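Okay, so here's the structure we're looking at.
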Amino acid sequence: MTPVSSRNPNHVPHILLMASTDAEQYHFGTNGEAKPPPPKKQKLCSFISESEIQSEFSHHDASVARINNGSFGCCPQSVISAQQQWQLRHLRQPDGFYFNDLRAGILESRKVICSLINADDVSEVSLVDNATTAAAIVLQQVAWAFSEGRFDKGDVAVMLHYAYGAVKKCVEAYVTRAGGRVIEVDLPFPVSSKEEIITEFKRSMERGKLNGQKIRLAVIDHITSMPSVVIPVKELVKICREEGVDQIFVDAAHGIGCVDVDMKEIGADFYTSNLHKWFFCPPSAAFLYCRKSAKFTDLHHPVVSHEYGKGLAIESAWIGTRDYSSLLVVPSIVEFLNRFEDGIEGIKKRNHEEVVKMGEMLAKSWGTHLGCPPDMCSSMVMVGLPSCLGIASDKDTLKLRAHLRNHFGVEVPVYYRAPKEGEVDPVTGYARISYQVYNKAEDYEKFRHVINKLVSDKFCCACLSV
Amino acid sequence: MASPDGKHCRSQTNGEAKPPDSKKQKITELITDDEIMSEFSHHDASVARINNGSFGACPQSVISAQQRWQLRFLRQPDSFYFNDLKPGILESREAIRSLISADDVSEVSIVDNATTAAAIVLQQMTWAFAEGRFEKGDVAVMLHYAYGAVKKSMEAYVTRAGGRVFEVQLPFPVSSNEEIITEFKLALERGKVKGQRIRLAVIDHVTSMPSVVIPVKELVKICREEGVDQVFVDAAHGIGCVDVDVKEIGADFYTSNLHKWFFCPPSAAFLYCRKSAKFSDLHHPVVSHEYGNGLAIESTWIGTRDYSSQLVVPSAVEFVNRFKGGIEGIKKRNHEVVVRMGEMLAESWGTSLGCPPDMCSSMIMVGLPSCLRITCERDTLKLRAHLRECYRVEVPIYYRSPKEGEIDPITGYARISHQVYNKLEDYERFRDAINKLVSDKFTCPSLSA
């Protein structure tokens with residue numbers, strides 16, 4: 001274990017029982033099979049230190065200012081080690097693993113999630129690969145409803161214009177193809193208040209019901225991806241209920257660990273969140289919550305196994321031979337989180353405060369602005385890039401991003417915002433910066449400096465090769 | 001060779017390291033027995049692991065290669081996504097294309113497992129029914145011994161959409177290809193009885209339980225003669241276990257797992273789709289931004305996940321090339337030894353094999369003494385657990401219900417596998433365990449529920 005260096009010289013280091021990197025932590029079942037240690041409630045005398053955090057993420061490329069946790073997330077060494085223990089168990093004796101360990105391990109992960117998200121019952125919690133898979137599950141069920149005549153051709157599905165690309169394609173593949181009509185809610189960006197979003201959403205509800213058709217489904221992002229804004233989901237779900245929308249699906253790919261996730265509070269029928277983005281899971285894992293309801297018992301995992309018909313949660317626990325280890329380490333992650341002051345709530349709060357601070361620092365240095373007010377962002381914030389960089393298309397954002405990565409060691413996604421008519425010298429490019437526990441002020445200072453350099457070098461996107 | 005110490009990594013201009021390429025190697029030395037045992041030293045040495053068929057095996061060199069890919073992602077995931085993932089998957093697909101004699105790499109998609117491949121093929125049937133290309137009542141044919149997950153998939157996607165499913169009854173024990181061919185022809189006749197079209201035939205290349213090699217080439221030919229629309233060969237046990245030449249076999253769709261007999265880590269499989277204007281409409285059910293770019297491309301990105309098991313195919317090829325005759329040599333020796341072991345067991349127990357040697361692959365069904373009184377499927381699971389816990393033998397067991405008039409029939413068959421890590425002692429331990437159970441007058445009913 002790494003030596004504890006503490007900010008407070010009076011701290012007495014306490015040996016923490018970490019997620020098992022140490023074989024002695026194993027205990028053995030009656031048939032001689034080893035089990036990884038169960039998660040324990042810990043009496044903490046001290047929290048994780050700065051150098052321990054850096055050590056947990058020492059596998060990150062230290063030469064990169066990694067300010068894009070939002071895209072692919074991150075996973076600390078202790079959890080990677082726990083995952084490798086699970087993987088080894090399978091490789092060592094896969095039949096024993098399948099018959100004795102797998103189901104119990106998945107159930108334990110599901111119980112932890114159930115508790116974290118304030119769901120009523122563990123049967124409401126399924127574990128899947130990612131939010132993309134969860135969307136396919138929800139939308140395939142809509143396709144069946146159309147082809148089996150429960151929905152009429154032309155019935156409507158509503159989604160946000162800023163919905164994730166994969167979800168839009170999924171809606172095309174399963175809803176449009178099956179005869180549904182899709183309405184996109186145009187949202188302003190930059191945005192200055194929740195009310196702007198609520199107003200646009202209400203308008204789209206009206207459009208949806210125009211020809212007397214029913215709105216069968218609303219797909220609402222909890223946090224949009226690009227541009228990233230926290231959507232007032234609770235209010236929008238309420239509007240959907242008032243308007244008689246059949247099914248409400250909240251896509252919170254960035255949910256858990258980034259915003260407050262309380263299923264009963266939010267009130268949607270379906271809610272999915274990735275665990276590998278902001279919850280320190282290895283790639284990849286997500287949960288799909290399905291509110292217990294007589295109405296929607298018909299969700300199925302598209303990969304059908306012998307568990308077909310036993311409910312989505314059980315179907316998802318076995319979709320053929322594969323590596324389930326990323327789904328099994330959820331209890332180990334809870335152990336990791338408990339090393340931080342106030343656990344995941346504390347992490348969330350501090351990430352938010354830091355990313356706003358960094359965003360404001362960058363906007364001030366570049367003479368630009370943030371894409372939304374601080375209370376509408378989470379652990380990510382959109383920061384306007386100087387307009388002289390000449391970002392004029394989606395392609396430019398990819399070129400600029402690659403340029404920043406290859407020449408300056410900065411990893412950050414860039415969003416193109418088409419200028420509206422009449423705008424003078426508009427900001428057309430926004431960087432989505434993230435803040436996670438491994439980030440440091442230097443990461444953002446590096447980014448600030450690089451952009452200032454590009455500006456003073458009179459760089460523009462048009463001069464980058466294709 | 002794939003090296004765990006990173007020395008073989010080379011840098012690109014932006015400082016990113018790539019795992020070593022797969023190379024055609026001049027093998028001057030073949031892998032030794034010691035090296036083989038070392039490659040599989042992570043296996044539980046206390047277990048006679050004679051069930052490679054269920055979950056496969058992965059050697060340490062390939063695990064190490066996989067971990068290098070995983071580390072690349074963890075280290076800088078954005079760069080991995082933009083620079084490394086697609087070329088890596090393409091290299092794996094090209095390696096498979098070459099192994100299976102497919103014409104074009106666009107015909108090769110990599111997916112998680114054969115179960116996923118089945119869902120892809122069958123979901124497209126659902127759309128065909130829903131969009132009126134197929135009519136309610138049109139038929140799909142599959143073997144009675146089709147894998148449980150595939151049967152459920154047929155129910156979920158074909159029956160539910162209005163299709164009618166026929167099962168081909170196959171005899172077991174079986175003594176010749178002709179028995180299978182005859183039953184198959186009979187089933188096709190039944191399928192066409194009301195003038196309906198047979199839209200799909202799902203044919204196992206090697207059935208799972210009981211395990212028998214099916215004469216797929218002949219059955220595909222019959223399907224063509226009978227005008228079956230689509231022929232899908234489910235070869236979960238295909239590559240590394242039987243000969244896989246997709247042009248020879250002639251099916252429209254062919255899937256095989258790579259983690260069972262081709263040393264990939266869990267899990268990876270390929271789905272071959274013959275280039276054909278007729279069936280260009282296959283989609284991965286998990287829809288990403290690649291939707292509409294063709295199944296192979298769709299399958300390369302189904303959201304953030306660990307693709308490392310799909311990226312190590314070239315490393316698995318390097319591994320098999322350390323053996324005499326490569327994968328062909330491994331296949332041949334596995335088959336010879338498993339037959340010999342099966343015959344040894346059957347002789348010791350006074351039972352019989354489930355099929356002739358030329359109808360088995362790297363697995364064989366060996367009859368268990370009838371005095372053990374295996375009377376239902378539940379008994380097979382109880383006996384299997386008993387063998388695992390009390391004798392440290394891992395072997396799946398099949399229940400074969402007796403036919404009327406049979407005297408003292410064999411109702412239980414063990415499916416033994418042979419893979420490069422197996423030793424004679426594994427099968428001797430199994431032989432002795434069963435003989436002990438017999439002499440102890442053990443019966444399945446005596447095991448607790």
Side-chain angles (χ1 to χ4, degrees), chain A residues 31-32 59-61 63-64 66 68 71-75 80 88 90-96 98-99 129-133 135-136 139-140 143-144 147 165-166 169-170 172-174 177-178 274 276 282-284 300 302-306 308-309 319-323 326 402 405-406 411 413, chain B residues 14-15 42-44 46-47 49 51 54-58 63 71 73-79 81-82 112-116 118-119 122-123 126-127 130 148-149 152-153 155-157 160-161 257 259 265-267 283 285-289 291-292 302-306 309 385 388-389 394 396:
Chain A
N31 63 356
H59 51 277
H60 286 192
D61 186 341
S63 69
V64 174
R66 184 168 164 152
N68 183 25
S71 281
F72 297 104
C74 65
C75 185
I80 292 170
L88 185 60
H90 171 92
L91 292 168
R92 193 171 149 71
Q93 216 299 42
D95 304 78
Y98 173 79
F99 284 104
D129 276 347
N130 45 41
T132 302
T133 305
L139 296 174
Q140 192 185 45
W144 277 114
S147 66
K169 288 287 186 181
C170 204
E172 184 189 322
Y174 286 116
R177 185 175 182 183
N274 285 317
H276 54 269
S284 66
H300 293 283
V303 178
V304 177
S305 78
H306 66 268
Y308 180 71
I319 50 171
T321 299
R322 43 179 314 201
D323 183 350
S326 55
R405 177 187 311 118
N406 297 334
E411 187 61 59
Chain B
N14 63 356
H42 50 277
H43 286 193
D44 186 340
S46 70
V47 174
R49 183 169 165 152
N51 184 26
S54 281
F55 298 104
C58 185
I63 293 170
L71 184 61
F73 174 86
L74 292 168
R75 194 171 149 69
Q76 219 297 42
D78 303 76
S79 164
Y81 172 78
F82 284 106
D112 275 348
N113 45 41
T115 302
T116 304
L122 296 176
Q123 192 187 48
T126 297
W127 283 115
K152 288 290 186 180
S153 211
E155 186 189 318
Y157 285 115
R160 183 175 180 182
N257 285 318
H259 54 268
S267 66
H283 294 282
V286 177
V287 178
S288 78
H289 66 269
Y291 180 72
I302 51 171
T304 299
R305 43 178 314 203
D306 184 350
S309 55
R388 178 186 308 118
E389 282 151 28
E394 188 61 59

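All figures in this text were calculated on a predicted structure; none of them were measured in a lab. Note that these values count all heavy atoms, side chains included, but never hydrogens, waters or copies made by symmetry. Just so we're on the same page: letters track the sequence lines, and every chain starts at 1.
For a residue to count as touching a neighbouring chain, one of its non-hydrogen atoms must lie under 4.5 Å from one of that chain's; by this rule I63(B) touches chain A with the side chain only. Using a 4.5 Å cut-off between heavy atoms, S309(B) does not touch chain A at all. Heavy-atom distances place the side chain of F82(B), and not its backbone, under 4.5 Å from chain A. In this structure, chain B has a heavy atom under 4.5 Å from the backbone of I319(A), while its side chain stays farther away. Only the backbone of I302(B) has a heavy atom closer than 4.5 Å to any heavy atom of chain A.
Counting heavy-atom pairs closer than 4.5 Å to chain B, the top residue among E172(A), H59(A), R322(A) is R322(A). Considering only heavy-atom pairs separated by less than 4.5 Å from chain B, the leading option among A402(A), P413(A), S326(A), S284(A) is S284(A). The candidate with the highest count of non-hydrogen atom pairs below 4.5 Å against chain B, out of P94(A), G165(A), G309(A), is P94(A). Per-residue heavy-atom pair counts under 4.5 Å with chain A were compared for W127(B), Y291(B), Y81(B), and the maximum is reached by W127(B). Of the listed residues (C75(A), S147(A), A143(A), S305(A)), the one with the most heavy-atom contacts under 4.5 Å to chain B is S305(A). Chosen from G56(B), G303(B), A118(B), the residue pairing most often with chain A at heavy-atom distances under 4.5 Å is G303(B). Comparing A161(B), C58(B), A130(B) by how many heavy-atom pairs each has under 4.5 Å with chain A, the most go to A161(B).
With rounding to the nearest 0.5 angstrom, the CG atom of D44(B) is 11.0 Å from the CG atom of D95(A). Taken to the nearest 0.5 Å, the CZ atom of R160(B) stands 5.0 Å off from the CH2 atom of W144(A). Here N68(A) contributes atom CG and D78(B) contributes atom CG; the two are 4.5 Å apart, rounded to the nearest 0.5 Å. Of the inter-residue distances, the one linking Q76(B) atom CD with R405(A) atom CZ reads 6.5 Å to the nearest 0.5 angstrom. The CZ atom of F99(A) sits 7.0 Å away from the CD atom of E394(B) when rounded to the nearest 0.5 Å.
Closest approach of R92(A) and R49(B) over heavy atoms only: O-NH1, 2.9 Å. Smallest separation of non-hydrogen atoms from S54(B) and T321(A): O-OG1, 4.2 Å. Summarising the geometry of P302(A) relative to A119(B), their closest heavy-atom pair is O-CB, 3.3 Å, with the distance given to 0.1 Å.
In this structure, D323(A) has no salt bridge (Lys or Arg N to Asp or Glu O under 4.0 Å) partners at least two apart in sequence or on a different chain. Every residue meeting the ring pair (Phe, Tyr, Trp, His ring centres under 6.0 Å) condition with F73(B), not counting sequence neighbours, appears here in chain and number order: F72(A), F80(B).
Two residues are said to be in side-chain contact when any heavy atoms from C-beta on lie closer than 4.5 Å; L74(B) and P283(A) meet this criterion.
Between F55(B) and H90(A), the angle of the ring planes goes over 60°, which puts this pair in the perpendicular group of the 30/60° scheme.
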